[in-house]
Number of protein chains: 2
Amino acid sequence: MEYIFSDRTNNLKPSAIREIFKYAADPTVVSLSAGNPSPDAFPVKELEEISARLFRENPIALLQYSVTEGYAPLRAHLRKYMKEKYDIGSDKDDIIITTGAQQIMDFATKSLVNEGDVVITEAPSFIGSLNSFRAYNARLVGVEVESDGMNTDKLEEALKANPDTKFIYTIPNFQNPSGVTMSLEKRKMVYELAQKYNVLILEDNPYGDLRYSGEFLPAIKTFDEDGRVIYAGSFSKVISPGIRVAYVIAPQPIIQKMTVCKQGSDVHTNIWSQMLCYEFLTKYDFEAHLEKLRSIYRAKARFCMDLLDKYCAPEITYDKIDGGLFIWCRLPDGVDMPAFVRDAIDHKVCVVPGNAFLTDETETTNGFRINFSTPTDEQLEKGIKALGDLIKSY
Amino acid sequence: MEYIFSDRTNNLKPSAIREIFKYAADPTVVSLSAGNPSPDAFPVKELEEISARLFRENPIALLQYSVTEGYAPLRAHLRKYMKEKYDIGSDKDDIIITTGAQQIMDFATKSLVNEGDVVITEAPSFIGSLNSFRAYNARLVGVEVESDGMNTDKLEEALKANPDTKFIYTIPNFQNPSGVTMSLEKRKMVYELAQKYNVLILEDNPYGDLRYSGEFLPAIKTFDEDGRVIYAGSFSKVISPGIRVAYVIAPQPIIQKMTVCKQGSDVHTNIWSQMLCYEFLTKYDFEAHLEKLRSIYRAKARFCMDLLDKYCAPEITYDKIDGGLFIWCRLPDGVDMPAFVRDAIDHKVCVVPGNAFLTDETETTNGFRINFSTPTDEQLEKGIKALGDLIKSY
C-alpha cells in the first residue's frame, strides 16, 4: 500500500539531532549533543515525598480525568508568582498548563499560522521549535543572532519583506543553541518592531532561571501593552523534563484557541505531574532549589569554558555564557564543519552540527553546539580534549 | 489588538460537552454527562506501590527526558501482548506510546489529512475525535449507526460521493455515544469497502476490554492484510485516564510520520506514567483487574438499564448494551430534544444532547447520551427518576 501524507507533513524529516543521538547511544562515545538537565539537578527526595503523600491523601484526583486548562491551584499560583516575581501577565492574559513547552509551539502555530505564513526566528534557533512550525508548513525566515541577540536591522528587513508574518519566535535568555542573551535595548526594539509591523511575539524562556552570572533582564512580555506576546515557561530545566509540565501566559483569546487545540490533542496534561509541581513550588523552598541549580550549572559551565580554553584555543572560539546549558563553538575558516562533526564521532565525541539549527539546513555555518549539563566532568574533559586534538590535527 | 486565527481553527468552538460540564459542576445537579471511569475502578494500591518503588529504584529515569516513541519495554510488551491476545499487529506495523488516545486522532489527522479532505465517521460519534479532525479543517461526513454498527450501504455511498476521503473513523466496540457494537459481518464489510475505495481506517478501541456480556469480536485491525488500519488502544478506561497513556499500532510509514508529529508536539509521553503502566501490566494480574472492572461496570450498567425500565419506559427507549460506559436514549416523536435537555437541568439532572455527537451539530436528533460509570448508584437512581418524571410531565 502506498501512503499519501498531508502536504504539511510531507517534507518533515526526523530531527537531525535525533540522528546524532544514534551515535550518542554508543557508550564509548562522549555525548556533548544532548540538552538534558544534570542528574544532580533533580529534587528527587522532595518529589518522592510529594508523590507518596498525594497517593495517600488524594489518589482519585491523581488518577481521574482533569480539566484541559490545567490544575487550577497550579494555574492560580503561577499567575501570581510570575506577576510578582517577573511582572509577567496582565488582566487581559490567561494561563494554561501544557505537556512541555514544545506543545506551546505546536498549539500557537496551529492556532495562528496558515500554511505558507511566515514565522521569523533567530538563526540559529532551537530545532524542536523549528520543527513544530514546519509541521504546519509555516515558512521560516531566519534572522542572524549577534552577541547581544537578534540583529534588529535584519529583523526589520525580514518584517518588511514578509507582510504575511504571524509571529517572531525568540529565546531571549541563554538561547538554544547560541547561548546568547538578548540585551534590554534589543528586547524593547523587538517589541517595537512587532508593534510597527503588527505581528505577535512567541517568547520562549526555558532557561531564564538558570542565570549564573551577569544581570537579570526583564522578559519582552513585561513590555506587552498591546497583548501581542505569548510567553512560554517550563519546568523541564528547573524541576524535571520527564514529567512534561510547562505553562503559557498569553492574551485570553489566544489562550482560548490554544485550549481548544489542547482539547483535541492530549485533552489535559498528566495531573500527577501538575500536582507534583504545585506542591513543590508552594510547600518547599523553590528559590533555594533554583540557587542550587545555578551553582551546579555555574560550576559546570566554567569548567567547560576552561576546558575549551585549555584544549581547543585558539582554533575553536566561543562566546562566554551567563546561563543556560549550551555553548556555541566556531571552527576556523576553511574547516568543513559537517566533516569535523563526523570526524569527531570517530574521535569518540558527539556534538550537534550548527546547520541543524538553521531555518534552511542546507545553509553552511562554521558553528556547532556543545552541552555541558548532561556529561560528567570526566566525560566533559575527555570529549573536549578529543575536539581539541582533532582540530589541531587538521 | 485584533487576533486573526488560522483558517483551520477559526471556526473551532469549545466542545458542547464542556458547556454541559458547567452545569454538571453544580453539586445539586446529578451529572450523567461525563465519561469518567468509576472511582472504584482505579488500582490505587498497586499504582501507589509501583510509584514508590520506581522512585526508590530508578528516580533519574523517572524524571529525565525520554524518547519520543515511548518507553521501550512498554512498547515491546504491548506489541507481544496485543499480537498474542488479540492478533493485532504485524511485522509491517510499529507501535508508539501517546499522551492519551485523543493524541492519536490529532497526529493521524495531522499526518494524513489536508484541509478540506474528508473523514467519514459514525453518526453519532465521539465528540473529542470529531474536534480533533475539525482542528485540521477536515470535512466530516457522518454515516448512520444502526444497532449492529455503521450502515454499510450508506458508508459505500459516502465513499463513492467523496473520492477525497482519507480515512473512516470507527469505534467498533460499545461505541461512544451510541453504545452500539459493530457485528463481525460489518467489520469485514467496512474493511472490504476501505480496500475497494482505497482509504485508511482509524479504529478506536478504548472500551474493548470492558465487555461484560455477549461474545468477543475481533478488531478490524485483525483483517489488515494491506496495512490500512491505524489501531488506537488506551489505558484511560482500564488503568487511569489522568496518567494519559495510550498506544497506536499502525503501518510503519504512518508510525514514522506520527512520531515526527509527536516530536514537534509534546516530545514524549510522561515517563512515570509509562513505567507505571508497564509495571502494572507485567508484574500484577492485569487480567484479574480487567475482570474486576467488568464486574463493576456490568452491575452498574444493569442497574442503570433497570432504572430506565422502571422510571422512563415506555416514553424513553434505549438499546441494551454489552459493554462500555454509555447508553443512548431516545425521546418519543414530537419531543424537542434540546428543550428536554435544558428542562432536565432544571430537574437537577444533566445529560448530553445527541446533536453534540453529530458531524453537523445543527442537525436534529431525538437521542441523548447517559453515562453510568461516574455517578454513584444513589445519584443514578435520583437522576434517572428525574428524567422519567420530566418525560411523563410532557
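Just so we're on the same page: letters track the sequence lines, and every chain starts at 1. Treat the numbers as computed from the prediction; the structure is a model and nothing was measured.
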* Asked: Residues of residues 241-248 of chain A under 4.5 Å from chain B (heavy atom pairs)?
  -> Pro241(A), Gly242(A), Ile243(A), Arg244(A)
* Kindly indicate, with the supporting measurements, whether the criterion side chain to side chain contact (heavy atoms under 4.5 Å, CB included) is fulfilled by Gln195(B) and Asp226(B). => CA-CA 8 Å; Gln195(B) 286 186 305; Asp226(B) 304 341; 2.8 Å; yes
* Structure fact -> In this structure, CD1 of Ile96(A) is separated from SG of Cys261(A) (nearest 0.5 Å) by 9.0 Å
* Asked: Taking the side chain from Asn371(A) and the backbone from Leu325(A), do they hold a donor-acceptor pair closer than 3.5 Å?
  -> yes
* Structure fact -> If you tally heavy-atom pairs under 4.5 Å between each of Ile60(B), Leu200(B), Ile239(B), Asn198(B) and chain A, the highest tally belongs to Ile60(B)
* Using non-hydrogen atoms only, which part of Gln256(A) is less than 4.5 Å away from chain B: side chain, backbone, both, or neither? -> neither
* Asked: Ser51(A) versus chain B, heavy atoms under 4.5 Å apart: side chain, backbone, both or neither?
  -> side chain
* To do: Give, as side chain, backbone, both or neither, the part of Leu47(B) having an atom under 4.5 angstrom from any heavy atom of chain A.
  => both
* When only pairs under 4.5 Å are counted, which of Glu48(B), Lys45(B), Gln103(B) shares the most heavy-atom pairs with chain A? -> Glu48(B)
* Asked: What part of Ile254(B) is in contact with chain A, defined as an atom under 4.5 angstrom from a non-hydrogen atom: side chain, backbone, both or neither?
  -> both
* Would you say Gln64(A)'s side chain and Pro59(A)'s backbone share a donor-acceptor pair under 3.5 angstrom? -> no
* Quick check, are the ring centers of His268(B) and Tyr71(B) under 6.0 angstrom apart? -> no
* Asked: Is chain B contacted by the side chain of Met105(A), its backbone, both, or neither, given a heavy-atom distance below 4.5 Å?
  -> neither
* Arg8(B) vs Asn114(A), side chain to side chain donor-acceptor pair (under 3.5 Å): CA-CA, chis, key distance, verdict -> CA-CA 8 Å; Arg8(B) 78 178 72 80; Asn114(A) 285 320; 5.1 Å; no
* Quick one: what part of Val44(A) sits under 4.5 Å from any heavy atom of chain B, side chain, backbone, both or neither? -> both
* Portion of Lys166(A) that has a non-hydrogen atom of chain B nearer than 4.5 angstrom -> side chain
* To do: State, yes or no, whether a side-chain contact exists between Leu130(A) and Thr121(A) at a heavy-atom distance under 4.5 Å.
  => yes
* To do: Find the one option among Pro251(A), Ala101(A), Gly128(A) whose heavy-atom pairs under 4.5 Å with chain B are most numerous.
  => Pro251(A)
* To do: Answer yes or no: is there a donor N or O on one side and an acceptor on the other, between the side chain of Ser373(B) and the main chain of Asn36(B), under 3.5 Å?
  => yes
* To do: Please lay out, stage by stage, how Phe133(A) and Phe167(A) fare under the test ring-ring contact (aromatic ring centres under 6.0 Å, His included).
  => CA-CA 11 Å; Phe133(A) 309 146; Phe167(A) 57 78; 5.5 Å; yes
* **Most contacts with chain A, counted as non-hydrogen pairs under 4.5 angstrom, among Ser273(B), Ala41(B), Pro253(B), Pro39(B)** => Pro253(B)
* To do: Would you mind checking which part of Thr109(B) comes under 4.5 Å of any heavy atom in chain A, side chain (CB onward), backbone (N, CA, C, O), both or neither?
  => backbone
* Asked: Can you tell me how far CG of Asn176(B) sits from CD1 of Ile127(B), rounded to the nearest 0.5 angstrom?
  -> 9.5 Å
* Start with the C-alpha distance between Ser129(A) and Tyr169(A), add both sets of side-chain angles, then the distance that settles side chain to side chain contact (heavy atoms under 4.5 Å, CB included), and finish with yes or no. => CA-CA 9 Å; Ser129(A) 297; Tyr169(A) 172 71; 2.7 Å; yes
* Engaged part of Thr99(B) at the chain A interface, taking heavy atoms whose separation is under 4.5 Å -> both
* Which one of Asn270(B), Leu276(B), Leu54(B) satisfies the side chain to side chain contact (heavy atoms under 4.5 Å, CB included) criterion with Leu62(B)? -> Leu54(B)
* Between Ser132(B) and Gln102(B), does a side chain to side chain donor-acceptor pair (under 3.5 Å) hold up when you go through it step by step? -> CA-CA 7 Å; Ser132(B) 294; Gln102(B) 185 92 25; 2.8 Å; yes
* Decide side chain to side chain donor-acceptor pair (under 3.5 Å) for Ser265(B) and Asp106(A); before the verdict, give the C-alpha distance in whole Å, the side-chain angles of both, and the deciding distance to 0.1 Å. => CA-CA 5 Å; Ser265(B) 186; Asp106(A) 181 356; 2.6 Å; yes
* Structure fact -> Turns out that what part of Tyr136(A) lies under 4.5 Å from chain B's heavy atoms comes down to both
* **Part of Ile4(A) lying under 4.5 Å from any heavy atom of chain B** => both
* To do: Examine whether an atom of Tyr65(A) lies under 4.5 Å from a heavy atom of chain B, and if so say whether it belongs to the side chain, the backbone or both; otherwise answer neither.
  => both
* Interchain contact, Arg56(A) with chain B, by part (heavy-atom threshold 4.5 Å) -> both
* Is Arg139(A) salt-bridged to Glu115(A), cutoff N-O under 4.0 Å? -> no
* **Interface residue of largest heavy-atom contact number with chain A, from Ala61(B), Gly100(B), Ser111(B), under 4.5 Å** => Ser111(B)
* Asked: Given that the side chain runs from C-beta out, which part of Lys257(A) has a heavy atom under 4.5 Å from chain B: side chain, backbone, both or neither?
  -> side chain
